[in-house]
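Scroll down for the structure; my scribbles are underneath it.
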Amino acid sequence: MQALHKLENKKLTKTKSMSVNPMYHQTKVRLEEELDWIQRAKNDPNHFGPLYKKYHEQIFRYIYQRMDDEEMAFDVTSQVFIKAMKSLHKYEFRGVPFSSWLYRIAKSELYQAYRDKKAERTVNLDSVHLHQMIDEMSEDDSEQNRAKLFKSISQLKEEDMQLIEMRFFEKRSFREIGEILDITENNAKVKSFRALERLKNIFTK
Amino acid sequence: MKARKINLDRKLLTSEQIEAKQNFDQVLEGFKAVKPTVWKNPWFYGPVGLASIALAVTLSMTNINSNTDEKNSTLKASNFPEDTECIKPPVKDQDVDFETFNVNTKENTKIELESGTTIEIPKGSLNSNELKTTIKVRELNDQSSAFVAGIPMDYGKKEAFVSAGMIEIRSNENVKINQNKLIKVDMVLSKNPIGFGFWKLDENTKEWIEYEAAYNIPPHNEKNVESVKNKLIASIEDKKQENEVKEKELVALTAPLKQDFKLAIPENQRFDIAFNPKDFPDLEKLKDVEFEVDQKTPYDKSFTKKVWNNMKLNQKEGKYFVTFSNATEKLFLQVRPVLKGVEKAKAEESFNEKFQGYKNAVKEIEETIAKNKSAIEKNELRLEKMIAEIQSNLNVKEVSQRTTASFEVSSWGVFNCDKPSKYPKPLENEVAFVNEYKESISVKNVYLFDLKDNVRFVFGENKNHSKYEFGLFKKHDNVVFIEDLKGKMLYFKYDKDKKYDFSSFVFSDLKQKVLNLDEIRKILDESIDTV
């Protein structure tokens, strides 16, 4: 059993945090620019550079959020882009933005790293997340509850953990979650709420 | 299960720190070190992509040769195109007509077909010594026509094509197309081509080769789409909630027990025992009873064959017990009274009625759940497609209100907008094909039409799928055409809601008719699930 960290009773202010994916909602100009890059990269992989530069940080953060080892996270990030370049000919803008397509590859590479035992599945929380989740669950923000929530999160099934992370920690929209997990937006919404229900059940046991 | 590791308040890396670790050269090296993959594969839709589907196909036309004056009559049924090794109509004496047009090779020509498909032939496009040249066209926009025309629809070894639109364009053998002045076609599609590729039939190899085309998809009316989308979402939610309630109802339902009706359970032992009714007024009320062993723990089942000097019935805390004894042994059994004779018959009737009621309730709930699941599945699919389509239309400039595929013809042949669909798995047991007179059929080919996805699969002459590998989609409506060795065509309709004995699957209601294109259209269209 994971030892609980001592939680300081920090004074947390409620802030509306931005989604980790600022690239999700792009202007028309940026979208057109991106599509142009994709087209060029399809014809010549050397032109993939701008796309790599644009998405490197957020893909790295997605991966590092889910593992412990920083160097391994950079390695896996590189693998994601190699895979993306390899599969770029399959990508067409048919309702799935390029960023979501990259996240799908990132998810796949991440789980491969777990299977190959190169990395251990880890959840990285900060106190703000705990506070916001407790708020979401309409519970008192006490040290005891935070410790209880911390323990509950460690017991979530992987599928639920993914949804909680993406929705409540990373503040992704249901649409983006749907695109990454290859399910409908509505399904992503329903599944996210059910994951939260299950977390609440564990919490209140 | 190992508890997941959680870190709290781990120090974040800054954007600068992450950027410092970027190394695209290394990634490029890694990419080049990987074995080269086929950059273009059947899923690569050519260089066009949906970002550039706003293709305005305009030609400055002068002296357009209207086809209305020049259109000739269609070929008569007796003048069907010649069969080729690749395109062989399967139905005897049936084929799909070409429309023929006389084209003036010295002028720009625009042909407009009934469907709205247009074919533009620039001046000088046709290398012919004649001033007037014949162009032959046939559109094969439904399964029936593609089938009757004998167009092969297999893709690779495991899949067949679902078509959104197909056209065959030909001329006389000696007429070639000027490669600097290609023929332009704007073909009307019957389906949204998102997810579809574009192909030309290689008649030498009988394979479909990818071909360059651009799709024109008219944008939707935004308000209507939003309203439909919201209704779909609401409907899906409603059905899911209803199913949750129904699942709970199902769990709460309990089947009636025979014990509650004082009915015997056949596999249990029973016997008669005399007792004083005054000592057991409850038993007296039942009128006619015997006793069934109700012992949970193991006991000597041969007790009924033994001779007992004494058998005594007792009651304690609502339960009944019998003590058997003789000179050498004693046996103590828990029993329960069960009805005999007329009372039993009455009780059985009550029990059966209650049990049937229970079964009906279960069936009704299960049917509702299944129906809701099917509706949810359909609506989720519709929603996905709708969302994908809305996204793809974001950058599209309105060109036309019709969905079309625009392409250039550099050589005569068959052009198709389609996507692959997997062959069904073979049926587990060998299939016997018999006609309505129960006579065995010598099968040459089997043509399976999946009416849900509008795909034709072939077993038999198809080198990849012998007739012994026949399978169908049990959860869809299917139509199966069988061609016998004499070339006669029979058919069978598989109804997904009917139960079939797949251990001896028999085409028991095949009808032998003279089949033509219209008849085949009726057969295929009748069964279409148009939900």
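Note that the structure is predicted; figures quoted are calculated from it, not measured. Throughout, protein chains are lettered first and strands after them, A, B, ... in sequence-line order, and every chain is numbered starting at 1.
- Atom-to-atom distance recorded for A/Leu156:CG and B/Ile6:CD1 is 8.5 Å, nearest 0.5 angstrom.
- Side-chain contact between A/Leu125 and B/Arg10 is absent, with no heavy-atom pair separated by less than 4.5 Å.
- Every residue two or more places apart in sequence or in another chain was checked for a side chain to side chain donor-acceptor pair (under 3.5 Å) with A/Gln144, and none qualifies.
- Counting non-hydrogen atoms of other residues, nucleotides and ligands closer than 6.0 Å to CZ of A/Arg40 gives a total of 12 or fewer.
- Looking at B/Leu13, the atoms closer than 4.5 Å to chain A (heavy atoms on both sides) sit in the backbone and in the side chain alike.
- Checked against B/Asn7 for a side chain to side chain donor-acceptor pair (under 3.5 Å), the options A/Asp68, A/Asp126, A/Thr122 give a single hit: A/Asp68.
- Taking the charged nitrogens against the carboxylate oxygens, B/Lys21 and A/Glu71 do have a contact shorter than 4.0 Å, which makes a salt bridge.
- For A/Asn46, the parts sitting under 4.5 Å from any heavy atom of chain B are the backbone and the side chain alike.
- At a heavy-atom cut-off of under 4.5 Å, chain A is reached by B/Lys240, B/Glu244 from residues 239-246 of chain B, listed in order of number.
- No more than 12 heavy atoms of other residues, nucleotides or ligands sit less than 6.0 Å from atom CD of B/Gln26.
- With a threshold of 4.5 angstrom between heavy atoms, A/Asn124 approaches chain B through its backbone and through its side chain.
- Using modelled atom types and a 3.5 Å distance limit, the side chains of A/Thr184 and B/Glu384 yield no donor-acceptor pair.
- At least one side-chain heavy atom of B/Gln22 sits under 4.5 Å from a side-chain heavy atom of A/Lys53.
- If you measure heavy-atom distances from A/Ile153 to chain B, the contacts under 4.5 Å come from both the backbone and the side chain.
- Between B/Asp9 and A/Ser127, the closest heavy-atom pair is OD2-OG, 2.5 Å.
- Applying the 6.0 Å contact sphere to CD of B/Glu377 captures no more than 12 heavy atoms from other residues, nucleotides or ligands.
- The two residues B/Phe24 and A/Gly49 have their closest heavy-atom pair at CZ-N, 3.4 Å.
- When the ring pair (Phe, Tyr, Trp, His ring centres under 6.0 Å) test is applied to A/Trp37, no partner is found at least two apart in sequence or on another chain.
- If you measure heavy-atom distances from A/Glu158 to chain B, the contacts under 4.5 Å come from both the backbone and the side chain.
- Side-chain contact between A/Arg121 and B/Lys5: absent, with no pair of heavy atoms (C-beta onward) separated by less than 4.5 Å.
- Judged by distance alone, with hydrogens and angles left aside, the side-chain atoms of A/Arg61 form no donor-acceptor pair with the main-chain N or O of B/Ile18 at under 3.5 Å.
- Shown here are the ring pair (Phe, Tyr, Trp, His ring centres under 6.0 Å) partners of A/Phe81, two or more places apart in sequence or in another chain: A/Tyr52.
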